[in-house]
Amino acid sequence: MAEDRHRKTAHDSDTPEYDNSTGGWGSLKGVARIFGETHATPVALSILAKQNKPGGVMCTSCAWAKPAKPHAFEFCENGAKATLWELTPERATPEFFAEHTLSELRGWHDHELEKAGRLTHPLRYDPGSDRYLPIPWKDAFAEIGAELRAMRPEEAVFYSSGHAGLEASYLYALFARAMGHNNLPQSSNMCHETTSVNLKNQIGVPVGTCTLDDFEECDAIFFFGQNTGTNSPRFLHPLKAAVERGCRIVTFNPVRERGLIEFVDPQNPAQMTVGKPTKISEEYFQVRPGGDIAALAGLMKCVLAAEDAAPGTVLDHAFIRDHTEGFEATEKAVRAIGWEEIERHSGLTREMLQRAADIYLSSEKVIGIYGMGLTQHVEGWLNLGMLVNLLMMRGNIGRPGAGISPVRGHSNVQGQRTVGIAERTGSVPLDKLREMFGFEPPEKNGLNAVHACDGILDGSVKAMIQLGGNLVRALPDRARMEDAWPKLRLTVSIATKPNRSHLTPGEVSYILPCLGRTDRDEQNGVPQAVTMEDSLSHIYGSIGRADPPAKTCKSELAIIAGIAEATLDPNPQLKWGEWTRNYDLVRDLIEETYPDDFRDFNARMMEPGGFYRGNAARERDWQTDSGRAKFVAPTTVSALGRNTDGAEMTLVTLRSNDQFNTTIYGFSDRLRGLEGSRDVVLINRDEIARLGLTEGQEVTLQSAIEDGVTRKVGPLKITAFDLPAGCVAGYYPELNPLVPLSYHERNSQTPAYKGAPVRILS
Ligand SMILES: Nc1nc2c(c(=O)[nH]1)N[C@H]1C(S)=C(S)[C@@H](COP(=O)(O)OP(=O)(O)OC[C@H]3O[C@@H](n4cnc5c(=O)[nH]c(N)nc54)[C@H](O)[C@@H]3O)O[C@H]1N2
Ligand SMILES: Nc1nc2c(c(=O)[nH]1)N[C@H]1C(S)=C(S)[C@@H](COP(=O)(O)OP(=O)(O)OC[C@H]3O[C@@H](n4cnc5c(=O)[nH]c(N)nc54)[C@H](O)[C@@H]3O)O[C@H]1N2
Ligand SMILES: [Mo]
């Protein structure tokens, strides 16, 4: 029976009363609200109708795939919000900045600040009046160039958030290297860097191995710490289709996220009328935060027990023998982990894990999906390692219908890495750059986001250029970083909207307004397309059609070129002006630099469904140091950097359905039944009683890490919520001051935003 198959698991008593399935009428209401709030125009609607379809705009929100045969409306609630937010008729003009000092704007909520609208003019901070004042583009470029020339190359950091297309990203990375540094941190340093580093070590590729076809064939999907309904809602369509053809979905997540429980397809009139949702997860296990290594160890033990009972029939011995190394050590380590330890750390019973293992064992083709719930932990490397181990035991990597699939964040976050935005030079064809452009590319690795912060704190970093993004909000250790930011000599933000990072200017500071992806970008009278790569390694063109917010906005390419020309010594092989008048030329450069990935780039970029860049691990070609895929032996059973108990709780920072990262659209977390405020601390009812707290009480959270820095956030309202014991949850970015900069994933320095130890002060 369906109900039986979807039985609830532990800790479900606190779920607030709400009946919002993901999708459905609620999602349409969510769009309608933003439509009203952003005063969207009919043009906005016509742009949405073509969104994520060949010849249209590729969504500025998440990185989920754009299918070759799109739905009538191939956009979701959150994609529509992101598009409407960008297309707002509101403008943050020089008059706006003349009216408000930065001290005043610091009192505004982030939501209000971005609602001021699209930036229209280049601005320079004037410390005397505490305001941003307009400045001609040519002066801004010249001054920024002079500042950069006056410092040593490695004192400058070029950050990018995963928005900008492949063309701008390629030029940005080229500029950094021509200047003489590899300081190219990216938003993935706070996100899927755990993936880039550890999947590369383990299976030889820094990205997932699946394509959409695999979702049409798989027998089971194991979901760890990825919130599809909120963060990649278009992925619900293939999931629903998979469930309907009998694929079984097993989810591990401390929060019972609606989108992984059930889904009403807003594009299906029958389902919308009848309102009967499709169940998504057959089993939903509320694992304790940081408990996935233990849960996966439990699953692996069950697989080993099945093999013991019927030797030679359960493991894929041929795969293990021919393609991998390290199995024996891993097997031994897993067998040595006791069930008591597994149950304690995972918060799940042996019986539950046996049920999950039974589904795994009865499925021929299995996909492992994951998101921030695995990557943002100190032992994130082992979270991934164990999931890949589980898959490889039965040869579930590198064959149709199976594989590992991280769900990436920003729409082009993966692609930016592909075309050279990389602080580690290992994957960058430096020889090629030397040959193509006649300069000596620096070989020394650059700074990632955490290392750049260390440099800002100790004064060795002097300039921070941001291509998109909102670092002072997105980074850990906010209070320390916000204090350190104004000590930078130069801050430059290439942005579409005002944000918090603009309110902590360096000694010399500029905001440079750029076109967004929905805006028409004409160069020499010819509309230009830009391209991006999705989570499944497909590459698409995107053409903006909306009137730009102001004639004074420039494309990201033109801004990068303008700064580069003002900074670098003349080099006839760096044809900034020519390239930015015709983006086809930049795509030719990308193809020349990465011929395997971008063959016939200009000809193929508008292919429906995008063109596939290929993936070595998918072909069982293991590009690791040993030429084999690696089993990773567990050295611990907890992903937490320190195990909390009693008064010390593990803090999980969450995204609501009404935000895109630091952009807060509103205060409705509809899918979790939480409305009105983001200043909350979520905790389960038994824990509220155990700790002597009361619902609605205002408390302060304090970091439990003692390193001489006091980290506190409050007041926050105690709110009963269905969570495992021993943890609290609250919102990103409000709670970022509680995560120390040094508290990060071991190999990649991805901040441990899902497992920071805190105390509740009442
Ligand atoms: N609407 C919207 N869409 C977005 C974004 C947004 O902010 N808003 N952000 C974009 C970006 S940049 C990214 S990276 C992605 C992020 O998308 P996700 O990867 O989904 O990231 P989060 O929402 O931070 O957390 C994912 C889930 O991890 C669970 N979790 C927390 N700790 C653990 C744990 O220890 N174990 C397990 N198994 N689960 C855990 C949480 O309950 C949550 O459901 O979304 C992208 N899409
Ligand atoms: N506590 C906690 N902290 C986290 C996370 C978490 O889960 N918990 N998640 C982390 C993750 S996964 C990520 S990816 C980071 C995100 O960190 P960032 O990428 O730095 O932040 P965003 O909020 O995505 O950036 C929003 C800003 O980008 C600008 N922008 C928007 N569109 C464009 C465009 O087309 N071009 C340009 N040039 N600018 C544009 C706008 O000015 C907007 O204000 O945060 C991380 N921080
Ligand atoms: Mo992200």
Side-chain angles (χ1 to χ4, degrees), residues 192 194-195 198-211 213-215 217-226 242 247-252 283 285 287 292-304 306-307 314-327 329-331 333-334 353 356-371 373-375 380-407 535-536 615-622 624 628-634:
H192 267 291
T194 309
T195 299
N198 296 295
L199 273 195
K200 172 76 187 142
N201 287 344
Q202 200 173 7
I203 58 170
V205 289
V207 298
T209 67
C210 293
T211 67
D213 296 342
D214 295 318
F215 290 90
E217 275 192 55
C218 56
D219 303 316
I221 300 178
F222 277 64
F223 247 95
F224 289 83
Q226 200 273 333
C247 173
R248 305 172 79 182
I249 297 184
V250 180
T251 296
F252 292 83
E283 294 280 6
F285 298 114
V287 65
D292 302 274
I293 296 170
L296 284 156
L299 289 169
M300 288 174 72
K301 277 174 87 78
C302 295
V303 174
L304 290 171
E307 171 73 16
V314 173
L315 299 176
D316 185 339
H317 291 279
F319 176 79
I320 293 171
R321 185 191 60 229
D322 297 342
H323 291 278
T324 72
E325 63 185 18
F327 179 70
T330 301
E331 178 186 2
V334 169
L353 293 171
D358 289 343
I359 295 178
Y360 181 69
L361 288 166
S362 61
S363 306
E364 187 69 20
K365 302 172 222 166
V366 181
I367 293 177
I369 300 276
Y370 67 91
L374 292 197
T375 63
W381 65 280
L382 191 51
N383 276 334
L384 272 56
M386 292 293 277
L387 180 53
V388 171
N389 285 344
L390 175 72
L391 292 170
M392 293 204 305
M393 286 173 101
R394 286 173 49 84
N396 274 310
I397 292 193
R399 59 183 168 82
I404 180 90
S405 194
V407 181
S535 260
L536 307 181
N615 181 290
R618 187 180 171 81
E619 310 301 324
R620 296 194 167 175
D621 165 10
W622 314 106
T624 59
R628 288 180 163 259
K630 294 177 186 183
F631 279 93
V632 170

Decide yes or no for [X] and [Y]: does some side-chain heavy atom of the first lie under 4.5 Å from some side-chain heavy atom of the second?
| X | Y | value |
| --- | --- | --- |
| Ser405 | Leu536 | yes |
| Leu374 | Gln226 | no |
| Gln202 | Val632 | yes |
| Val287 | Phe224 | no |
| Ile369 | Val407 | yes |

What are the two closest heavy atoms between Ala220 and Ser363, and how far apart are they?
CB-OG, 3.3 Å
Test salt bridge (charged side-chain N to carboxylate O under 4.0 Å, His left out) applied to Lys365 - qualifying residues, sequence neighbours left out:
Glu217
Does [X] have any side chain to side chain contact (heavy atoms under 4.5 Å, CB included) partners at least two apart in sequence or in another chain, and if so, which?
| X | value |
| --- | --- |
| Glu325 | Ser626, Arg628, Lys630 |
| Ala629 | Ile203, Thr324, Met392, Trp622 |
| Ala356 | Phe222, Val250, Phe252, Phe285, Leu299 |
| Ala402 | Asn396, Arg399 |

Please name all residues satisfying ring pair (Phe, Tyr, Trp, His ring centres under 6.0 Å) with Tyr370, sequence neighbours left out, ordered by chain then number.
His192
Side-chain polar contacts of residues 314-322 - donor-acceptor pairs under 3.5 angstrom, sequence neighbours left out - could you list them?
unit_1	atom_1	unit_2	atom_2	d
Asp316	OD1	Phe319	N	3.0
His317	NE2	Glu307	OE2	2.7

Applying side-chain hydrogen bond (donor to acceptor under 3.5 Å, both in side chains) to Asp214 and not counting sequence neighbours gives Arg618
